[in-house]
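Down below is the structure, laid out as structure tokens.
Both backbone and side-chain heavy atoms feed into the values below; hydrogens, waters and symmetry mates do not. We count ligands from 1, going down the list as the structure has it; atoms in each ligand are counted the same way.
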Amino acid sequence: MSPSGGCIRLILGDQLSASVSSLRDYTAGDVILMAEVDEEAGYVAHHKKKIAFLFSAMRHFAADLSGQGYDVRYVKLDDCGNSGTLFGEVERLISDTGSAFAGLIITSPGEWRLLDEMRQWSKRLDLPVHIRPDDRFICPLARFNDWAEGRTRLTMEYFYREMRRETGLLMGGSKPAGGQWNFDRENRKRLPESMEIPERPRHPRDEITNDVIRLVSERFSAHFGDLEPFHYGVTAEAAGTDLDFFLKACLPQFGDYQDAMARGEAFLFHSVISLYLNCGLLNPMDVCRRAEKEWQAGRAPLNAVEGFIRQILGWREYVRGLYWLKMPDYAETNHLEARRPLPSFYWSGDTQMACVRDAVETTRKHAYAHHIQRLMITGNFALLAGIDPIAVEEWYLAVYADAYEWVELPNTHGMALFADGGMMATKPYAASGAYINRMSDYCRGCRYSVSQKNGPNACPFNYLYWNFLIENADRLKGNQRLSMPYRNLAKMSVEKKTAIREDSRWFFEEIGIA
Ligand code: FAD
Ligand code: DLZ
Ligand code: SF4
């Protein structure tokens, strides 16, 4: 290790980009610090595969930096003396080198809890701490705040259009390509039975990944999720291979089947790149440009490319802006006063609801589920059953390899649970079994009957949907976009409403959350 006098540059597990702001202007005498610590691995009980992915990606990134001549101190989880915290590791580096550093440079972390803590570090360390913006996103936070200023409703679609204009993505001069901003209506097809789903690349494992897998199996055996088989890429190069595969084999169908679900099919035509984007192995603007090129070259249709770019340029940037604009108060709201505990089947998968079982199984196997499973199966169930947002958020943050609070929280709290009272979604994404049946083949293999509305064999989503509207009538009746279901509810007989309430009460008792 070099003598000090330079700066410490702390790189977090989700900052694995050569372009990260904390690495800029590195000079001889600086030390890059990366650390696997119990605090970050344990603040929620992350999926084993998520920890293995991230530790292996961190180790590869550190090895790459060292290979390029940077001075890197990499602390492994089981290294002797590991203090267990990021702060402790900065302190240990200072005391181990025995001489003064000029400062600590950090790229702003992706979670409010850590930024809040880091703001105290300068005083605690008696060292200048420079927290630089994370500029690996397309929209700087100041730009998002400008856009949000003075608006009563922060509608993603309008933000997205501004981003399209500013980046020029899918634009013909000042007009959107194809004359339309959004092709969502074309993106709601059910998967035909004969459709072939592409096989995903499986990345070979090296010694670094094998070591990490051993460590995780020893240290995190109690955590949720399957560690094996492990095939995710752990380098920027491997992430690039997955992106190439997606662009060629999946993007042309991405639009049509974006909302489809199929039993036993985890990935369908989705990109499965969120884990790479969120830890820095891929760059969002590069990904959007690559997708745009596929359309320009006539290899993918506009509805697919627009749909894909909207997820990244629109949703991903939007949720990040919203998170930093509204935190920390955002996480505290519970607009629907949902208080029931999380049912145990979110962890065990032990439920007779075939759709929920499949979403949990996929999650357990891959630390992944696609958007519609997250939103319309596990999210929808938690919404209808009135599960406490804090418990639901903890689950989503733990179980997905792409989960960091800046992206998980708005999606769960705002989009899935309506806990923010409608800041993100104009109405709750509440749906009965009919929606799930329309978009999937789950119901055919289910012990419940999607066509039955009440009674022991009825699909629970059916009566829970109406029960949700009844339980939340005071809070939701005034919502214009719910006027139709509330009109239908008003026409319902007292007997029917009683049956809905009774079936729901009985079901909550059966799953232990009454
Ligand atoms: P694709 O369907 O191929 O989409 C392409 C990319 O667009 C994704 O990789 C992702 O970067 C971006 N994207 C798509 N939808 C969203 C969205 N709603 N918000 C932000 N980015 C989006 N995404 C996460 O990255 N981390 C999370 O912790 C997370 N938690 C979620 C929780 C809930 C309740 C819901 C409803 C959604 C959540 N999402 C989260 C958004 C979305 O489900 C995932 O980004 C997506 O499923 C990742 O799979 P993919 O890479 O195959 O995405
Ligand atoms: C998710 C995660 C895990 C499991 N472990 C570490 C770790 O040991 N060291 C580290 O620097 N980062 C880790 N991370 C990612 C952090 O939790 C992430 O940087 C913060 O949540 C901020 O986004
Ligand atoms: Fe899910 Fe209901 Fe269909 Fe069963 S019947 S798979 S519970 S929607």
Side-chain angles (χ1 to χ4, degrees), residues 10-15 34-44 46 50-51 53-55 58 75 77 86 89 108-111 113-115 156 246 250-251 254 258 263 267-279 282 284 287 307-320 351-358 368-379 381-382 392-393 396-397 400-413 415-417 429 431-437 440 442-452 458-462:
L10 175 64
I11 297 189
L12 304 177
D14 54 353
Q15 299 181 341
M34 295 178 69
E36 297 166 9
V37 289
D38 276 325
E39 183 186 47
E40 291 307 307
Y43 72 95
V44 289
H46 302 284
K50 176 181 184 182
I51 303 178
F53 163 69
L54 211 63
F55 281 8
M58 286 171 71
V75 184
L77 194 78
L86 291 168
E89 286 314 292
S108 193
E111 302 200 348
R113 69 173 169 93
L114 202 50
L115 178 62
M156 195 293 290
F246 165 74
C250 306
L251 179 62
F254 175 85
Q258 197 177 339
R263 196 164 11 132
F267 307 119
L268 296 171
F269 296 97
H270 291 273
S271 63
V272 199
I273 59 165
S274 50
L275 79 170
Y276 303 134
L277 279 168
N278 296 353
C279 76
L282 288 176
V287 172
F308 179 70
I309 288 180
R310 179 165 13 100
Q311 305 312 312
I312 297 176
L313 178 67
W315 281 111
R316 187 170 186 272
E317 296 292 323
Y318 169 86
V319 299
R320 187 224 181 199
T351 165
Q352 299 194 62
M353 292 179 284
C355 53
V356 176
R357 193 171 57 231
D358 189 71
Y368 175 89
H370 63 73
H371 185 66
I372 296 301
Q373 291 176 307
R374 295 189 206 196
L375 183 63
M376 299 311 293
I377 306 290
T378 43
F381 184 88
V392 184
E393 283 145 23
Y396 278 99
L397 194 55
Y400 292 116
D402 58 21
Y404 303 91
E405 201 185 66
W406 67 265
V407 55
E408 174 277 324
L409 188 78
N411 270 298
T412 310
H413 197 81
M415 196 188 297
L417 301 179
Y429 279 92
S432 68
Y435 171 87
I436 296 170
N437 192 32
S440 77
Y442 288 135
C443 302
R444 265 189 279 148
C446 186
R447 105 101 176 106
Y448 296 107
S449 161
V450 73
S451 57
Q452 289 189 39
C459 166
F461 282 88
N462 288 343

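At a heavy-atom cutoff of 4.0 Å, ligand 2 is contacted by no atom of W406, backbone or side chain. Residue contacts with ligand 1, taken as heavy atom pairs separated by less than 4.0 Å, involve N278 solely via side-chain atoms from C-beta onward.
The nearest protein atom to atom 17 (O) of ligand 2, hydrogens excluded, is given as E40 OE1, 2.6 Å; this is a heavy-atom distance. Nearest protein heavy-atom contact of atom 19 (O) of ligand 2 is D14 OD1, 2.7 Å. What sits closest to atom 1 (P) of ligand 1 on the protein, heavy atoms only, is S271 OG, 3.7 Å. In terms of protein heavy-atom proximity, atom 2 (Fe) of ligand 3 is nearest to C459 SG, 2.3 Å. For atom 3 (Fe) of ligand 3, the closest non-hydrogen atom on the protein side is C443 SG, 2.3 Å. In terms of protein heavy-atom proximity, atom 1 (Fe) of ligand 3 is closest to C355 SG, 2.4 Å. Looking from atom 11 (O) of ligand 2 to the surrounding protein, the closest heavy atom is G13 N, 3.1 Å.
At least one N or O atom of A35 sits closer than 3.5 Å to an N or O atom of ligand 2. Checking only distances, P109 never comes within under 3.5 Å of ligand 2, N or O to N or O.
Summarising the contacts of atom 4 (C) of ligand 2 with M34, R113, H46, E89, the nearest heavy atom is found in H46. The closest non-hydrogen atom to atom 36 (C) of ligand 1, taken over I372, L313, L375, V319, comes from L375. Remark: among candidates N278, V37, L54, the nearest residue to atom 1 (C) of ligand 2 is L54, based on non-hydrogen atoms.
Salt-bridge check for D402 with R316: failed, with every basic side-chain N at 4.0 Å or more from each acidic carboxylate O. With respect to the salt-bridge test (charged N to carboxylate O, under 4.0 angstrom), the residues E40 and K50 do not qualify.
Residue-ligand proximity: Y400 is placed with every non-hydrogen atom at 4.0 Å or more from ligand 1. Ligand 1 lies within reach of F254, whose nearest heavy atom is under 4.0 Å from it.
Not one N/O/S atom of C446, from backbone or side chain, sits under 2.8 Å from atom 3 (Fe) of ligand 3.
Checked by atom type, the side-chain pair Y368/S274 shows no donor-acceptor distance below 3.5 Å.
Put simply, the residue from F269, F308, F267 that forms a ring pair (Phe, Tyr, Trp, His ring centres under 6.0 Å) with F246 is F308.
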